[in-house]
Amino acid sequence: MKCRRCREPAVVDVRRHNAAFCRDCFLHHCREQVRRAVEEHRMIGPGERVLVAVSGGKDSLALWDLLLALGHRADGLYIGLGIGTYSDRSHGFARRFADERGLRLHEVDLAHDLGFDVPEAAAATRRAPCGACGLSKRHLFNAVALEHGYDAVATGHNLDDEAAVLLGNVLRWEVGYLGRQHPVLPAAPGFARKVKPLIRLGERETAAYCVLGGIDYIVEECPMAEGNRHLGYKEVLNALEDRSPGSKASFLFGFLERGHPRFAEGSAREQEGLSPCRSCGSPTTGEVCAFCRLRERVGAEPRRERRAG
Ligand code: AMP
Ligand code: FES
Ligand code: ZN
């Protein structure tokens, strides 16, 4: 196999693009995919400051590295979720990445700063931990971005993640979620802009990017995510992709181009009915936002609101 770009021996193939690349041309390919996604969806403007949510895994560390390589001003945010040694280890990878490159990493520890962790929240709500975990992460990404004046929050959701979420939303016709499923959610009062610059890269590509680019990341997956519905959707989509490469991309990009606009209006109307949470000020439909309700349920006593980065 020869590299599509330079004709030297290839080390990675990307079946979706019917192409193979040598190391340098593959890194270039990844940068190009992110550059195109950022431009196409106007995710980040010139000179804007981005807060990258980093979990210590391959996607978010690749994302941070790629945004910096493309010349963006990007700091990191790590959230300690209190999931035993998994959290300690993932924190170590995020910290090391930042230290080795002299980057700024904000850190928030759920237990220390807000008085509860994900296992406690899961026990209190008697639901799958991923719900409380996702809610806490979204709340804190937004709060830290607003507090420090970042123009956008970037997460490492990739093509596989987004296609799996889309399949789940379509299977249950979640029209509200479909209206909000987009690689850019614009800023609104109380909300920072949210962007997903990796939507043009699959998880095999982000893993290869880290390996070839010398980025150390935590390989193990979250131990609490077992049985997560999205893992099943990913398996189904992988089987389809195997038979016809490019299925995932056409499913997701076709939706963004032709499906999303039909659902977007309804979700814009939902945003209009929001008012500030009585407890934390975040926009919410009720009096108290879902994050503060969760905190009340867990009976959390924050020792300190937030730790500065
Ligand atoms: P997940 O919700 O685990 O699928 O992760 C989706 C994205 O959220 C990742 O690509 C990261 O950008 C971000 N993320 C996940 N876990 C953390 C964490 N502990 N701290 C900061 N960001 C995170
Ligand atoms: Fe959230 Fe595992 S990372 S439950
Ligand atoms: Zn609140």
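Keep in mind the model is a prediction, meaning the values are calculated, not measured. Both ligands and their constituent atoms are indexed starting at 1 by order of listing.
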- Under 30°, 30 to 60°, or over 60°: which ring-plane class applies to H106 and H148, parallel, tilted or perpendicular? tilted
- At what distance, to the nearest 0.5 angstrom, does CE of M43 lie from NZ of K196? 9.5 Å
- Query: What is the closest protein heavy atom to atom 18 (C) of ligand 1, and at what distance does it sit?
  - Reply: I79 O, 3.7 Å
- Item | Atom indices of ligand 1, in the order listed, that fall short of 4.0 Å to a heavy atom of K137 | 1 (P), 2 (O), 3 (O), 15 (C), 16 (N), 17 (C)
- Query: For A154 and ligand 1, does the shortest N/O to N/O distance drop below 3.5 Å?
  - Reply: no
- Task: Give the ring-plane orientation class for F291 versus F116, where under 30° counts as parallel, over 60° as perpendicular and anything between as tilted.
- Result: tilted
- Contacting atoms of ligand 2, where contact means under 4.0 angstrom from a heavy atom of C133: 1 (Fe), 3 (S), 4 (S)
- Message: Using a 6.0 Å distance limit plus a 45 degree cone around the ring axis, check whether R96 lies over the aromatic ring of F93.
- Response: yes
- Item | R193 and D151 ion-paired at < 4.0 Å | no
- Considering only protein heavy atoms, which is closest to atom 9 (C) of ligand 1, and at what distance to one decimal place? G156 N, 3.8 Å
- Query: What's the shortest distance from atom 17 (C) of ligand 1 to any protein heavy atom, and which residue and atom give it?
  - Reply: S55 CB, 3.5 Å
- Message: A side-chain contact here means heavy atoms from C-beta on lying under 4.5 Å apart; do M224 and P119 qualify?
- Response: yes
- Message: With a 4.5 Å cut-off on side-chain heavy atoms, are L240 and K248 touching?
- Response: no
- Task: Could you grab the protein N, O or S atoms closer than 2.8 Å to the Zn ion (ligand 3) for me?
- Result: C277 SG, C280 SG, C289 SG, C292 SG
- Rounded to the nearest 0.5 Å, how far apart are CG of D88 and OG of S90? 7.5 Å
- Distance from atom 2 (Fe) of ligand 2 to nearest protein heavy atom, with residue and atom: C222 SG, 2.1 Å
- Nitrogen or oxygen atoms of A53 and ligand 1 under 3.5 Å apart: yes
- Cation-pi check, R200 onto F253 ring (under 6.0 Å, within 45° of axis): yes
- Mind telling me whether F255 and F263 have parallel, tilted or perpendicular rings, with 30° and 60° as the class edges? tilted
- Query: For ligand 1, which atoms, with element, lie under 4.0 Å from some heavy atom of L81?
  - Reply: 19 (N)
- Message: I need the contact type for V54 against ligand 1. Using non-hydrogen atoms and a strict under-4.0 Å cut-off, is it side chain, backbone, both or neither?
- Response: backbone
- Message: Between R204 and E241 (salt bridge meaning N to carboxylate O under 4.0 Å), is one present in this structure?
- Response: no
- Query: Could an N or O of ligand 1 be found under 3.5 Å from any N or O of D59, whether backbone or side chain?
  - Reply: no
- re atom 4 (O) of ligand 1, the protein heavy-atom contact at minimum distance is H157 NE2, 4.5 Å
- With a cut-off of 4.0 Å, which atoms of ligand 2 are near a heavy atom of I83? 2 (Fe)
- Task: State plainly whether the residues E39 and R36 are in salt-bridge range, i.e. N to O under 4.0 Å.
- Result: no
